[in-house]
Novice: 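Quick one: this structure, given as structure tokens, is what I'll be asking you about.
Below, chain A is the first sequence line, B the second, and so on; all start at residue 1. When reading the values below, keep in mind they use all heavy atoms of this one structure, side chains included, and skip hydrogens, waters and symmetry mates. Quantities reported herein were computed from a predicted structural model and do not represent experimental measurements.
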There are 2 protein chains.
Amino acid sequence: MSEAFQVLAEPARRQILDLLRERPRLVGELTERLGLPQPSTSKHLKALREAGLVRVGRDGTRRWYRLCPEPLRAVEQWLAPYRRMWAGSFEALERHLDAMPDEPDDPPAKERT
Amino acid sequence: MSEAFQVLAEPARRQILDLLRERPRLVGELTERLGLPQPSTSKHLKALREAGLVRVGRDGTRRWYRLCPEPLRAVEQWLAPYRRMWAGSFEALERHLDAMPDEPDDPPAKERT
DNA sequence: CATTTATATTCTCTTGCGAGCATATAGACG
DNA sequence: CGTCTATATGCTCGCAAGAGAATATAAATG
């Protein structure tokens with residue numbers, strides 16, 4: 001999940017995902033839309049590929065990139081307990097928020113209790 | 001929103017938020033839990049502060065940091081359209097994937113004489 | 001085969017950022 | 001006031017990563 005967050009930290013990559021949300025696109029198309037040089041686009045796409053956020057299909061010399069939203073699930077899961085904070089009452093936060101169900105959490109570093 | 005993503009890209013900072021989700025905490029407490037040197041913790045807290053993700057209250061020489069989940073809202077909003085993809089029916093996704101040529105991403109051998 | 005087109009990769013340069021240490025600030029307390 | 005404690009800030013170093021240009025690969029086409 002750490003990888004997903006890292007990859008999403010880059011605005012251009014979020015923009016790529018947003019574009020792919022509509023439909024699969026070619027690298028050239030993305031390049032044009034992003035206003036980036038083509039190598040930069042390819043490198044961002046590589047990062048997205050390695051994070052499993054996009055998949056690529058070949059068609060001759062062209063590459064169709066399509067969205068693969070699955071890894072975003074982990075992000076959403078991390079976000080979930082926070083979302084319920086603003087979803088419900090806001091003052092529960094100010095006091096002692098007690099109603100906290102156990103979420104499958106992924107502490108990325110070592111924890112010593 | 002870009003700032004939030006950037007700040008969340010750091011595992012230690014997500015961990016801090018997770019700790020503050022339980023209750024407000026002192027810097028020293030966070031430092032101990034994270035296993036980081038105190039200056040590092042303070043600097044992460046500064047980043048979180050500047051992103052509006054935490055707020056700090058003074059009590060003499062101590063500082064109580066508490067969670068401020070509001071900026072996560074933007075993250076959640078960005079994520080929302082993707083969540084719908086796996087949450088509800090992802091047939092919309094499948095549909096436009098169907099129209100596309102499909103091939104696994106790394107074809108290692110390509111024979112051509 | 002030569003060339004053109006579409007994309008990927010390599011290289012260098014530069015910037016940002018986190019770690020780590022030393023130090024500054026600021027309140028508490030004798 | 002001097003000192004201790006809690007936290008913040010400044011500094012340097014090293015590393016990861018993005019920008020940008022050049023080049024490599026690979027398929028299509030003549």
Novice: Under 4.0 Å between any heavy atoms, over every strand shown, what does B:Q6 touch: base, sugar-phosphate, or nothing? Just pick one.
Specialist: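 Answer is sugar-phosphate: B:Q6 comes under 4.0 Å of backbone atoms only.
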
Novice: Counting only heavy atoms not in A:R62 (residues, nucleotides, ligands), do more than 12 fall under 6.0 Å from its CZ?
Specialist: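 No, not enclosed.
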
Novice: Would you say the side chain of B:Q38 and the base of D:dA8 hold a donor-acceptor pair, judged only by whether the two atoms sit under 3.5 Å apart?
Specialist: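 Pair found.
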
Novice: Are any of B:R13's side-chain N or O atoms less than 4.0 Å away from OP1 or OP2 of C:dG18?
Specialist: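 For B:R13, the contact criterion (side-chain N or O under 4.0 Å from OP1 or OP2 of C:dG18) is met.
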
Novice: Counting only side-chain heavy atoms from C-beta out, which of C:dA8, D:dA19, D:dA8 sits nearest to A:V27?
Specialist: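 Among the listed nucleotides, the one closest to the side chain of A:V27 is C:dA8.
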
Novice: Would you kindly give the CZ-to-C1' distance between A:R63 and D:dT25, to the nearest whole Å?
Specialist: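 So the CZ-C1' distance, A:R63 to D:dT25, works out to 9 Å.
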
Novice: Whole angstroms only, please: what is the CH2-P distance between A:W64 and C:dA6?
Specialist: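 Roughly 12 Å, once rounded to whole Å.
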
Novice: Using atom CG of B:L26 as one end and atom P of D:dT5 as the other, report the distance to the nearest whole Å.
Specialist: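 To the nearest whole Å, that distance equals 16 Å.
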
Novice: Which pair of non-hydrogen atoms, one from B:A9 and one from B:P11, has the smallest distance, and what is that distance?
Specialist: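 Heavy-atom minimum between the residues: O-CD, 3.4 Å.
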
Novice: On DNA chain D, compare the nucleotides closest to B:R62 and A:E10; which residue's is nearer the 5' end?
Specialist: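 Of the two residues, B:R62 wins.
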
Novice: Rounded to the Å, how far apart are B:D59 CG and C:dA26 P?
Specialist: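 Result: 17 Å.
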
Novice: Would you mind reading off the distance between A:R58 atom CZ and C:dT7 atom P, rounded to a whole angstrom?
Specialist: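 Value for this atom pair: 12 Å.
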
Novice: On the six-membered ring of B:Y82, is A:R21 placed so that its NZ or CZ lies under 6.0 angstrom from the centre and within 45° of the ring axis?
Specialist: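 A:R21 over B:Y82 ring: yes.
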
Novice: For residues A:L19 and A:R25, report the shortest heavy-atom separation together with the two atoms involved.
Specialist: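 Taking every non-hydrogen atom into account, O-NE, 3.0 Å.
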
Novice: Using the rule given for side chain to side chain donor-acceptor pair (under 3.5 Å), can you reason through B:Q38 versus B:S42, listing the C-alpha separation, both sets of side-chain angles and the distance that settles it, and then say yes or no?
Specialist: CA-CA 6 Å; B:Q38 173 265 318; B:S42 277; 3.2 Å; yes

Novice: Taking the side chain of B:R49 as its heavy atoms from C-beta onward, which of C:dA19, C:dT9, D:dA8 lies nearest to it?
Specialist: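 Among the listed nucleotides, the one closest to the side chain of B:R49 is D:dA8.
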
Novice: Measure from CG on A:L36 to C1' on D:dG20 and round the result to the nearest Å.
Specialist: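 After rounding, the reported distance stands at 11 Å.
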
Novice: Return the value, rounded to whole Å, for the distance between atom CD of A:E50 and atom P of D:dA17.
Specialist: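 Atom CD in A:E50 sits about 10 Å away from atom P in D:dA17.
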
Novice: Distance check: side-chain N/O of A:Y65 vs OP1/OP2 of C:dA8, anything under 4.0 Å?
Specialist: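 Yes, such a contact exists.
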
Novice: Nearest-Å distance, NZ (A:K46) to C1' (D:dA19)?
Specialist: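 Taking NZ of A:K46 and C1' of D:dA19, I get 16 Å after rounding.
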
Novice: Please state whether the phosphate of C:dA19, meaning OP1 or OP2, lies under 4.0 angstrom from any side-chain nitrogen or oxygen of B:H44.
Specialist: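 For C:dA19, OP1/OP2 do have a side-chain N/O of B:H44 under 4.0 Å.
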
Novice: Is B:T61 close enough to C:dG27 that one of its side-chain N or O atoms is under 4.0 Å from OP1 or OP2 there?
Specialist: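 Looking at the OP1 and OP2 atoms of C:dG27, neither is under 4.0 Å from any side-chain N or O of B:T61.
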
